[in-house]
Amino acid sequence: MMAFALLAMVAGCTTVEPPDSVLAVPAQPQRYAAIVVDARSGKQLFEVNSTAQRYPASLTKMMTLYLLFEALESGRITKETQIPVSDNAARQPPTKLRFRRGETIDVDSAIRAIVVKSANDVAVAVGEYLGGSQDQFAAMMTAKARSLGMTSTSFRNASGLPDDSQMTTARDMAVLGMALEHRFPQHFHYFSESDFMFRGRLVRGHNDMLGRVRGVDGIKTGYIRASGYNIVTSYNADGRQLIVVVMGAESARQRNDHVEALIQRSLSPMAAEAKTRLMYAGQQPTGSALPGLPEP
């Protein structure tokens, strides 16, 4: 819990010094939000709009999985438990696995389907199974968010499909990413999987950060039209552990390029002193610099 407490303390005075680099931002200013946190100390290494309200899209499924992992830990379910897929769950729009009436999915496959495929039908089935209904499960999700210190997040469904009232912040998503890694180290390996077998066929994922940057071991991507391309990424190598959140990018490729740039920036010994100009999508560099990052 120390990392969460330290992250909560990150606020306060800023200093402004002349910039020394330009950072391309793959989003419009009104949609972009980002944060990089040292997951061991809780220190904030970079942030822009990290407490501004944004749509989580499929980052929502991180909380669905958090509650599923809790149910596993409590003994309420096992990895062999069969979860029924209701007609409502099966009707969800893609991405999904496409179930028929009366079919079920075991918990282990459900986790992989949510992580790798970001399957909306499976996420809703999990929510209905654990909460009794999607509305009740969403209330459980929001309550858990508050208990973790996610003060600006409200969930309305288990999948992240569009809902005007389902909102979060980059900071809250960083808190959730750290909570998953610290609370469930025995399950975190799921987030590093890029494909899985289901009913005799290979299901491939779309988190292209896996295998792209050495040390990246998850966590989750997300996209709806209202949010742009979102991602929470975990980096763990050479004694450094980072959580990187980027929201609002205009494409998955640009989002991934930006995450890689933020990782490289955060690993640099000069990063703490660096001041950076932001060049947003469609804009030219200006004279204004990103404020100095607050110290905990």
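What you see is a predicted model; the values in this text were computed from it and never measured.
- A salt bridge links R212 with D257; the closest basic N to acidic carboxylate O contact falls under 4.0 Å.
- The shortest heavy-atom contact between A89 and E128 is CB-OE1, 4.1 Å.
- A donor atom on one side chain and an acceptor atom on the other are found under 3.5 Å apart for K220 and S118.
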Does the side-chain hydrogen bond (donor to acceptor under 3.5 Å, both in side chains) test come out yes or no for Q166 and T60, once each step is laid out?
CA-CA 9 Å; Q166 183 147 279; T60 297; 3.3 Å; yes
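- Between R214 and D238 a salt bridge is recorded (basic side-chain N to carboxylate O distance below 4.0 Å).
- Using a cut-off of 4.0 Å between Lys/Arg side-chain N and Asp/Glu carboxylate O, K144 and E70 are scored as salt-bridged.
- Salt bridge status for R98 with E103: absent, with no side-chain N to carboxylate O gap under 4.0 Å.
- Listed for the H258 side chain is a donor-acceptor partner under 3.5 Å among the backbone atoms of A24.
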Taking it one step at a time, do Q28 and E250 satisfy side-chain hydrogen bond (donor to acceptor under 3.5 Å, both in side chains)?
CA-CA 8 Å; Q28 300 296 322; E250 294 188 344; 2.9 Å; yes
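- If you check the side chains of D217 and S192, you find no donor sitting under 3.5 Å from an acceptor.
- Classification of D87 and R101 as a salt-bridged pair holds, one side-chain N sitting under 4.0 Å from a carboxylate O.
- In the model, K61 has a side-chain atom that pairs as donor or acceptor with a side-chain atom of S58 under 3.5 Å.
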